[in-house]
Amino acid sequence: MLKIYNTLSRNKEIFTPKVEGQVGMYVCGMTVYDYCHVGHARVMVVFDIVARYLRYSGYALTYVRNVTDIDDKIIKRANENGEEFSALTERFINAMHEDERALNVLPPDIEPKATDSMEDMIAMIADLISKDFAYVGANGDVFYAVDNFKNYGALSGKKLEDLQAGERVDIDAAKRNPFDFVLWKQAKADEPFWVSPWGNGRPGWHIECSAMSKSCLGNHFDIHGGGMDLQFPHHENEIAQSEAASGEKFVNVWMHNGFVRINEEKMSKSLGNFFTVREVLKQYRPEVIRFFVLSSHYRSPLNYSDEQLNESASALTRLYTALRELDIAADLVQTTYTERFKEAMDDDFNTAVAVAVLFEMAREMNKIKSTNSEVANQLATELKSLADVLGILQDDPEVFLQAGDVEEGGVAEQEIESLIEQRVAAKTNKDWALADKIRADLKQQGIILEDVATGTSWRRES
RNA sequence: GGCUACUUAGCAAAUCGGUUAUGCAGUGGAUUGCAAAUCCAUCUAGGGCGGUUCGAUUCCGCCAGUAGCCUCCA
């Protein structure tokens with residue numbers, strides 16, 4: 001029985017989809033004006049695993065993750081670059097998809113773009129005005145009237161009177177309440193615009209998600225996710241817009257993932273303390289980053305450091321080593337390990353415990369590998385099928401263990417094989433000095449030799 | 001100032017009112033020509049002060065520290 005922590009109730013709740021066997025999930029995606037950093041990678045990986053596990057559990061899932069491809073930052077960046085905003089966003093959407101594929105994140109079923117959803121947004125804004133939840137301000141912008149939505153603040157646990165208006169938000173004379181937020185913004189000269197009943201302009205950020213989720217999943221759906229920082233004001237505003245417009249409940253379960261931190265501080269664009277996914281991929285393999293994300297619970301903070309990434313690499317090496325020399329072809333037999341894995345995942349997607357189960361399987365495989373290869377193969381098959389739910393361990397073990405950068409000074413495979421042959425000959429002659437020298441020389445170059453029953457195998461140091 | 005979380009051994013990270021988490025690292029042993037890998041054993045825990053309880057790391061309260069939100073942010 002799947003339980004999910006719902007930010008709205010601040011409790012783990014038994015998950016019951018609106019329609020039995022079917023799930024609609026919407027996740028706030030990226031604003032595409034720059035490369036994805038590790039924090040974005042966490043969102044992609046976390047909700048990829050949620051999606052995989054929902055499907056593994058038998059739900060027919062519709063997974064929607066939007067792209068915000070118009071907003072102030074995009075316009076600013078495009079102007080700085082002297083290019084069309086659409087050229088900029090196209091480039092970064094492609095880059096995002098590259099990162100996604102690298103991290104073995106399966107694409108969402110629907111990936112709506114804000115700029116393709118203008119009609120839906122304009123219709124929703126008009127609806128909100130007609131229902132008196134929105135008004136045209138003195139400057140011509142359209143604002144949402146937060147005072148008219150009685151549950152405003154329910155998700156983030158904030159009360160309007162506590163929000164200390166004006167302390168950090170500039171009081172805008174055009175607004176009735178400083179917390180009213182913009183739904184439609186008048187275009188300045190040289191800015192891209194769309195035609196609307198309120199003049200040429202562009203939508204506010206929050207209305208984009210309300211409109212896109214409605215058009216993809218309807219007024220009321222099961223799960224809405226995103227980073228913790230979106231809880232307020234973004235998701236709060238989405239609720240205000242969507243529920244005011246439809247008169248229905250908007251979302252059953254709100255899921256928010258924790259931040260990636262560096263030195264105990266949130267990784268973010270504005271602090272400038274971020275690593276992009278492509279930067280990190282130069283140093284670590286994609287699966288290492290994925291494992292790093294999985295190694296803690298999705299709501300906990302995750303500290304980014306070389307130490308942690310290296311540890312993730314070691315852990316993966318252990319799992320792949322256990323799979324080495326085993327056959328995956330055997331029929332899948334589900335043991336109590338599968339039960340325990342599911343139990344962990346059913347408990348609010350506890351990937352840390354799920355991974356611990358995989359390690360226990362690995363230990364048992366190592367133990368019986370040489371005495372009972374049939375059972376070992378069965379376990380390997382089970383392990384791999386469970387790992388697939390987490391999106392890891394799907395490579396051939398030898399490929400994973402031997403992969404490396406030959407271009408960056410690594411030793412070529414052929415050379416390694418030939419040195420191994422020389423060493424085998426030396427061993428036969430009991431020329432231990434030569435055998436050890438070959439092994440030591442290779443170790444210097446990051447190649448580890450292991451003499452196993454079947455001969456000598458090698459791997460690159462992780 | 002308001003609100004929300006978190007605080008576990010050398011590091012990371014879970015579970016749990018009484019029973020080995022798990023991984024990396026350390027120590028001892030098995031194995032090996034020697035290693036590596038692997039297996040076995042093992043050392044390090046639960047911020048501080050109170051309370052509830054036969055018993056609390058686990059529940060409650062207070063204190064301290066850390067992070068986040070209250071502006072764009074995943």
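Please read these numbers as outputs of a predicted model, since none were measured by experiment. Just so it is clear: chains get the letters A, B, ... in the order the sequence lines come, proteins before strands, and each one is counted from 1.
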Just to confirm, is there a sub-4.0 Å distance from OP1 or OP2 of B:C6 to any side-chain nitrogen or oxygen of A:Arg299? no
Base of B:G33 paired with side chain of A:Asp436 (donor-acceptor, under 3.5 Å): yes
Looking only at atom C1', what distance separates B:C16 and B:U8, rounded to whole Å? 12 Å
Please give the distance between the C1' atoms of B:G61 and B:A25 as a whole number of Å. 39 Å
Could you tell me whether A:Met44 contacts a base, only the sugar-phosphate backbone, or nothing, with contacts defined as non-hydrogen atoms closer than 4.0 Å? nothing
With a 6.0 Å cut-off on the ring centroids, do A:Tyr35 and A:Phe92 count as close? yes
Should A:Asn366 be listed as having a side-chain N or O under 4.0 Å from OP1 or OP2 of B:C39? yes
Stems of at least 3 consecutive Watson-Crick or G-U wobble pairs (donor-acceptor distances under 3.5 Å) involving RNA chain B, listed by first number, are B:1-7 with B:64-70, B:10-12 with B:22-24, B:26-30 with B:38-42, B:47-51 with B:59-63
Is a side-chain donor-acceptor pair under 3.5 Å present for A:Glu382 with A:Thr335? yes
Could you measure between the two C1' atoms, the one in B:U4 and the one in B:A12, and give it in whole Å? 25 Å
Under-4.0 Å side-chain N/O to phosphate OP1/OP2 contact, A:Ser300 with B:A14: yes
Is A:Lys266 close enough to B:C69 that one of its side-chain N or O atoms is under 4.0 Å from OP1 or OP2 there? yes
Reckon A:Glu311 touches a base, only the sugar-phosphate, or nothing at all at heavy-atom distances under 4.0 Å? base
Base, sugar-phosphate, or nothing: which does A:Ile448 touch, judged by heavy atoms less than 4.0 Å apart? sugar-phosphate
Once you apply a heavy-atom cut-off of 4.0 Å, does A:Arg423 come out as touching a base, just sugar-phosphate, or nothing? base
Taking atom P in both B:C62 and B:G2, compute the distance separating them and give it to the nearest angstrom. 14 Å
B:C39 phosphate, OP1 or OP2, under 4.0 Å from A:Lys369 side-chain N/O: no
Using a cut-off of 4.0 Å on non-hydrogen atoms, how would the nucleic acid contact of A:Gly39 be classed: base, sugar-phosphate, or nothing? base
List the residues meeting side-chain hydrogen bond (donor to acceptor under 3.5 Å, both in side chains) with A:His37, not counting sequence neighbours, and say none if there are none. none
Using a cut-off of 4.0 Å on non-hydrogen atoms, how would the nucleic acid contact of A:Val46 be classed: base, sugar-phosphate, or nothing? nothing
Residue-phosphate contact under 4.0 Å: A:Asn350 side-chain N/O, B:U15 OP1/OP2: yes
For A:Glu236 and B:G68, what is the distance between atoms CD and P respectively, to the nearest whole Å? 21 Å
May I ask you to say what A:Gln308 touches in the nucleic acid, namely base, sugar-phosphate or nothing, with a heavy-atom cut-off under 4.0 Å? sugar-phosphate
Hey, which sits more toward the 5' end of RNA chain B by its nearest nucleotide, A:Gln231 or A:Thr321? A:Gln231
Is there a donor N/O on one and an acceptor N/O on the other, under 3.5 Å, for the side chain of A:Lys158 and the base of B:C69? yes
Base, sugar-phosphate, or nothing for A:His37, non-hydrogen atoms under 4.0 angstrom? base
Counting distance alone, no hydrogens or angles: does the base of B:C34 have a donor or acceptor under 3.5 Å from a partner atom on the side chain of A:Arg439? yes
Using the closest heavy atom to pick a nucleotide of RNA chain B for each, name whichever of A:Val357 or A:Asn263 lands nearer the 5' end. A:Val357
Are A:Phe250 and A:Phe221 close enough that their ring centres sit under 6.0 Å apart? yes
Please determine whether a side-chain nitrogen or oxygen atom of A:Arg318 lies at a distance below 4.0 Å from atom OP1 or OP2 of B:G23. yes
Compare the aromatic ring of A:Phe359 with the six-membered base ring of B:G23 and state whether they stack according to the 5.5 Å and 30° rule. no
